[in-house]
There are 2 protein chains.
Amino acid sequence: MRALAVEDDGRIAADLTEALQASGFVVQSCDDGETAWFLGDTEDFDLVVLDLGLPKLDGLSVLKHWRAAGRDMPVLVLTARGTWSERVEGIDAGADDYLPKPFRMEELVARARALVRRSAGRGGALQSVGDLTLDANRMTVARRGVPVAATALEYRLLAYLMLHSDRVVAPSELLEHLYGDDFSREANALEALVARLRRKLGPGIIGTRRGFGYFLESSEVGA
Amino acid sequence: MRALAVEDDGRIAADLTEALQASGFVVQSCDDGETAWFLGDTEDFDLVVLDLGLPKLDGLSVLKHWRAAGRDMPVLVLTARGTWSERVEGIDAGADDYLPKPFRMEELVARARALVRRSAGRGGALQSVGDLTLDANRMTVARRGVPVAATALEYRLLAYLMLHSDRVVAPSELLEHLYGDDFSREANALEALVARLRRKLGPGIIGTRRGFGYFLESSEVGA
DNA sequence: CCCTACCTGTCAGCGTTCCGTCAGCGGTAC
DNA sequence: GTACCGCTGACGGAACGCTGACAGGTAGGG
C-alpha cells in the first residue's frame, strides 16, 4: 500500500511517516501544497494524509482540485483547529475522514487502515478472495482458514492484489506500490517474491497472465 | 504503448529513450520543434515527453498547436528552469504534467506511467463488438461469453481493432501501433498473427478487405 | 557484542510459450 | 490466364517467467 503524507511540521511529518511505515505503507511525504497537488495528480496512492495548513497552497484547495480532477483515493484530513465548521468544509471538499490535532498516532493509523479497507468496499478487517483470507489487523494470511506464515513484504503483495482482485495487476504497478519510488530493484525481485509466496500458499492462488501481470485466482479469472 | 520523446540534448535524449523503452514504451524521438510538431500532428502517441527549449520552434508553441488541433494525448513537459511561472505556463498550454531539470530518470518514468494510466482510466473495462468481448481488467477475450486464450500481442491487436471498429484498419497502421516504427518485421508477421487469432476465434470475427486492411465483422463495416 | 535466524534482492540456468520467418498455396481482380 | 495479395502450417530463435542457490542486511537473543 502506498501512502502520501502531506504535513509541513517536520516533527509530526517524521512521526507520521514512521507510523505509517510501521503499519505497512510505502510512504511518500511532502511539506507544501504545490508538491502535494502534483504528486496527487500524477501518482497513484492508496491513501493520503493531508494537513490543511500548508505553505504555498492550502490543503483544502489541493483536495478540491484532486476531486475535480476525478482522483478518488481516500483522504484523511488533519487540522490544527478542530472546529466543527472546518470539519464540514473538509467533508465538503471530499475528505473521507477527519482528525483534529493533536491526535494519538495510533488513532491516525487505525483510521488510515479503516479508510483503505473501506475504499476496497469492505468494512471489516477480514478480507477474503476465494480460498485466501487476509486479516488487516493482525497482518496475517490464511488459506482455507489455515494460517500461512507470510512476511511483511509478502503480506503487502497479497493485500494489494486483493485490493484489486477484479483485475490483472502489472508488474510495474506492483513494484511501485511495494517499493515506492525506489527503483533500485531488478524486475526479478518481484518474480522471486511471487515464487516464494506460491510455495507457501500452494497452487491456485496467484495467477500469471503472461505479458500483463499477476492476479488472484478466485473466481473464474483464468482462461 | 507508444511514446514520443522530444529533446535536443543528445545525451539526455539517449537516456530518456532507454528509460522509456525499459518501461515498456515503443519510443520515437526527435530533437527539434518542427519535427515534433509534424510527428505529433500526424502520428498517434500514447504519451509525449516534451522539452521546452528546442531549436527551430519552441516547445510551448508546439504544445499549444497540438491542443488547438484537438490532439489530446498526455504530454509531460520538461524545462531547464523550474520556476513556478513556467510551470503555470506549461499547464495553461495544455501540459498534463511538468518536470523541472535536472530530474531523476526514475521519476520521469514514474510520472509518465501515471499519465498513461490516467488517460487510459477513461473508459469501461468491458467492450463488445458483435460476438466478441474484451475485458480490459482481466485482459481476457471471449466469444459469445466463451473465454478464448489470447496472448498479449493478440489481445492488443483485438483491442486496437475494437477501438476502431467503425472502419477498416490498414496493416501499416496496425504494425505501427503494435510495434512502433520498428520496421524490422516483415509484413507477414501481421498476417500470421491474424491467422492464429482466427483459428482461435473461429470465422466471422476478423474480416479482411483486400487491399485495405482488417476490420471486426458484425459491426457491418464489411460488404 | 557477537551470534543466529530470517528476510529479501541478485544471479544463473532452465522450460515453456510466443511469434517472426519461410515456403507454398489459394483465391481474387483484371 | 496470370499476377498479386493474403492465408496457412511448420520451424526455430528468442523472450518471458520460474526456480534454487547464494549473500548482504537486519533484528532479536544470549
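Chain identifiers are assigned alphabetically (A, B, ...) following the order of the sequence lines, protein sequences preceding nucleic acid strands; residue numbering begins at 1 within each chain.
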Residue closer to the 5' end of DNA chain D, B:Pro171 versus A:Arg198 (nearest nucleotide): B:Pro171
Whole angstrom value for the distance that separates C1' of C:dG27 from CZ of B:Arg210: 7 Å
Nearest-angstrom distance from the residue atom CG of B:Leu157 to P of C:dC19: 11 Å
Nearest-angstrom distance from the residue atom CG of A:Leu178 to C1' of C:dT8: 12 Å
B:Thr208 side-chain N/O to D:dC7 phosphate OP1/OP2 under 4.0 Å: yes
Side-chain-base donor-acceptor pair under 3.5 Å for B:Arg196 and D:dG9: no
Distance below 4.0 Å between B:Tyr155 side-chain N/O and C:dC18 OP1 or OP2: no
B:Tyr179 side-chain N/O to C:dG20 phosphate OP1/OP2 under 4.0 Å: yes
Gap between atoms CG and P, on B:Asn188 and D:dC4 respectively (whole Å): 17 Å
Residue A:Phe103 excluded, over 12 heavy atoms near CZ under 6.0 Å: yes
Short side-chain N/O contact from B:Thr151 to OP1 or OP2 of C:dT17, under 4.0 Å: no
Atom-pair distance (CD on A:Glu191; P on D:dC16), nearest Å: 10 Å
Trace of the side chain to side chain contact (heavy atoms under 4.5 Å, CB included) decision for A:Arg111 with A:Glu107: CA-CA 6 Å; A:Arg111 290 193 180 214; A:Glu107 180 171 9; 3.1 Å; yes
Closest-nucleotide ordering on DNA chain C, the 5'-leading residue of B:Lys200 and B:Ala187: B:Lys200
Integer-rounded Å distance: D:dG6 C1' and B:Tyr214 OH: 6 Å
Partner of A:Leu76 by side-chain contact (heavy atoms from CB on, under 4.5 Å), out of A:Val48, A:Leu50, A:Leu108: A:Leu108
Whole-Å distance separating the CD atom of A:Glu186 from the P atom of D:dC18: 16 Å
Sugar-phosphate, base or nothing in reach of B:Leu153, heavy atoms under 4.0 Å: sugar-phosphate
Approximate separation, where rounding is to 0.5 Å, of B:Asp46 CG and B:Phe25 CZ: 7.5 Å
Between D:dC18 (C1') and A:Leu197 (CG): distance, integer Å: 14 Å
Separation between CG of B:Leu39 and OG of B:Ser29, rounded to the nearest 0.5 Å: 9.5 Å
